[in-house]
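Values below: every heavy atom of this structure, side chains too, minus hydrogens, waters and symmetry copies.
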Amino acid sequence: MIRRSAASLLLGSSALWGACSLQSAHAASASDAAQIQALQREMQEMRREMSGQISVLRQRLARAEVHAPNTPAANAAQARRVAAANGQPLPESYARDIHIGGDTGTGSNFGSVMQHADLGTPPSDRGVSSSWASFRAATEKDEALHLGGMMVGFPGGRPTISSEDGMYAMSIGLAFHEDIGGFMGMSPRKGETKGDYGSLTENARRLRIPISFRYKNWIANITPDFGSSTADGTSTSQLYEANLNYAGFHNTVITAGYFQPRVTEEDSESSNEFEMMERPAITDMVRNIAAGDARMSLGALHYAKRWWIAGYVTGQTYGKHSTSTFDSQTGATFRVAGRPYVSKDIDVHVGLSGITALKVAQVTSSNPGGQRSITLSEQPEVDLTTTKLLSATVGNVGSVWSAGPELGFRYKRLTLKGEYYHIGIIPTIVWPDSRGTHRFKNVIHRMQTIL
């Protein structure tokens, strides 16, 4: 009995000790969790304070560098920051060719330096095509806001949400061009009807919303366009671009999808950067041979210190393929351009462009030669009317091409530039053979069209 009572006492004591230990462990665990939460809150507060201090230091550094001597190293550093802010960091050799502040004649205040560096220019009307490295450099700006594992900022002037490392990102932009004006002396004479030239009218010329999605060096761009070149908007939204880009190779962007292939000097510019309201009429006619907006394209652009080269294989434009299209168009574009001489006051630009519709679209399956045609048309170089001042259709067309040089020159604030285009049309001729059947031959005969 004594032994049994001792054993019971021992077991009861062990159980009591285990329960006490378990309660102590639970209490310690709860205390540790509270301490961890408190440490996390303290770390977040320290991060916010450090971000604010870093922002202040960056602003002080920028102000100090503006007033510092314009050494080559400081000039290169400023050039790289300007380029990174617009989504395209510069290599060292290129950065040292760009002069910002000091000897540029723009003055020594910070506002004039920013103006000369083009920091206030609007972003492009297209989607993003910068590399992952460029994007991360552009997001290293003091206005970036860190929220947990995300960053919210304006790299390249566009609202952007990205992961902390920039691996995933989404950005959105806007290009809005509204034309308001009219034509003088357009009142009809007695007995005549009024034409399509209003004394005062308006047109939502461009209303583009570029949306870009990024995964590292892969960028998908979707840009609807709610404007129109012929009327005030359209009944349904149009597409300006929808493409996939890879920017992982050095200074190279590979593009596939609906895109505006780079061809001719005027066509390579963003519509936000035009000197005039529209491109010249001849440029629109040439680019629409096998390029233009929302053209199915596959190709690449490569750029270096003072030159770039681009080439694309193209197909139909968005919305052109229909049940009446028996055979779609196939074409190609090519452009190379460079700046052989650059100085403080002088810029020289030279380039060469070529475009061809290797196979013009066939509308129906019958009479293939007669159904392959091309129409060259253009309205006035201000899109406030739907009337075409020039419209000519050439039938029995096998292929069309155009090529020509481009030249630009700047002296201080005076800029001169021009392009020359030579257009050639190779017809398809029907020749009867000895058996009474027909065969189609592409006759190498050039019909020069003077526009």
Side-chain angles (χ1 to χ4, degrees), residues 65-66 68-124 126 129-131 133-134 137-138 156-157 247 250-253 262-270 272-276 279 283 300-311 334-354 404-420:
E65 287 177 344
V66 169
N70 189 32
T71 63
N75 177 80
Q78 176 71 356
R80 283 193 299 272
R81 278 191 297 274
V82 171
N86 289 277
Q88 290 292 343
L90 298 176
E92 179 70 19
S93 57
Y94 197 0
R96 292 182 180 274
D97 277 339
I98 299 178
H99 300 281
I100 299 177
D103 59 353
T104 60
T106 59
S108 59
N109 63 81
F110 187 60
S112 63
V113 172
M114 289 181 63
Q115 182 179 4
H116 187 269
D118 293 332
L119 287 178
T121 57
S124 169
R126 306 176 176 120
S129 61
S130 62
S131 66
S134 299
H250 179 64
N251 291 353
T252 302
V253 180
R262 310 292 192 252
V263 62
T264 82
E265 191 276 333
E266 288 285 344
D267 188 45
S268 298
E269 294 182 2
S270 166
N272 290 333
E273 300 169 352
F274 289 169
E275 282 93 356
M276 305 299 178
R279 299 179 182 89
T283 301
L301 179 152
H302 177 75
Y303 58 94
K305 181 179 178 180
R306 291 184 186 171
W307 61 273
W308 68 262
I309 185 171
F334 172 80
R335 180 175 182 247
V336 59
R339 301 163 65 200
Y341 181 80
V342 181
S343 69
K344 172 185 172 182
D345 295 329
I346 297 176
D347 264 314
V348 177
H349 168 92
V350 294
L352 178 67
S353 291
E406 58 191 62
L407 178 65
F409 176 79
R410 178 193 66 86
Y411 177 70
K412 293 185 178 180
R413 297 191 177 184
L414 174 66
T415 302
L416 302 173
K417 65 177 183 177
E419 295 183 77
Y420 172 82

Checklist entry - So, do I346 and F409 sit near enough that their side-chain heavy atoms are less than 4.5 Å apart? => result yes
Checklist entry - So which heavy atom on F334 is nearest to which on V263, and how close? => result O-CG2, 4.2 Å
Checklist entry - How about W307 and H349: are their ring centroids closer than 6.0 Å? => result no
Checklist entry - Run the salt bridge (charged side-chain N to carboxylate O under 4.0 Å, His left out) check on E269 and R279 step by step: do they pass? => result CA-CA 10 Å; E269 294 182 2; R279 299 179 182 89; over 6 Å; no
Checklist entry - At what distance, to the nearest 0.5 angstrom, does NE2 of H250 lie from OG of S131? => result 10.0 Å
Next on the checklist: To check you understand the geometry: which heavy-atom pair defines the closest contact between R410 and T415, and what is its length?
Outcome noted: CG-OG1, 3.9 Å
Checklist entry - Would you call K412 and K344 a side-chain contact if the rule is heavy atoms closer than 4.5 Å? => result no
Item to check | Smallest separation among heavy atoms of A337 and E406, with atom names | outcome: CB-OE2, 3.9 Å
Checklist outcome for this item: For V253 and A247, the nearest pair of non-hydrogen atoms, with its separation, is CG2-CB, 4.4 Å
Checklist entry - For the side chain of N272 and the backbone of P123, is there at least one donor-acceptor N/O pair under 3.5 Å apart? => result yes
Checklist outcome for this item: Of all heavy-atom pairs linking R262 and W308, the shortest is CB-CH2, 3.7 Å
Next on the checklist: Using every non-hydrogen atom in the two residues, find where Y303 and T252 come nearest and quote the distance to one decimal.
Outcome noted: CE2-N, 4.3 Å
Checklist entry - Given the rule in the side chain to side chain contact (heavy atoms under 4.5 Å, CB included) test, do E419 and T264 qualify, once you have shown the distances and angles that lead to the verdict? => result CA-CA 8 Å; E419 295 183 77; T264 82; 3.3 Å; yes
Checklist entry - Got a second to check how far L352's CG is from L407's CG, nearest 0.5 Å? => result 12.5 Å
Checklist entry - salt bridge (charged side-chain N to carboxylate O under 4.0 Å, His left out) between R335 and E265: does it pass, once the steps are laid out? => result CA-CA 9 Å; R335 180 175 182 247; E265 191 276 333; 5.4 Å; no
Checklist entry - Between R306 and V342, is any pair of side-chain heavy atoms under 4.5 Å apart? => result yes
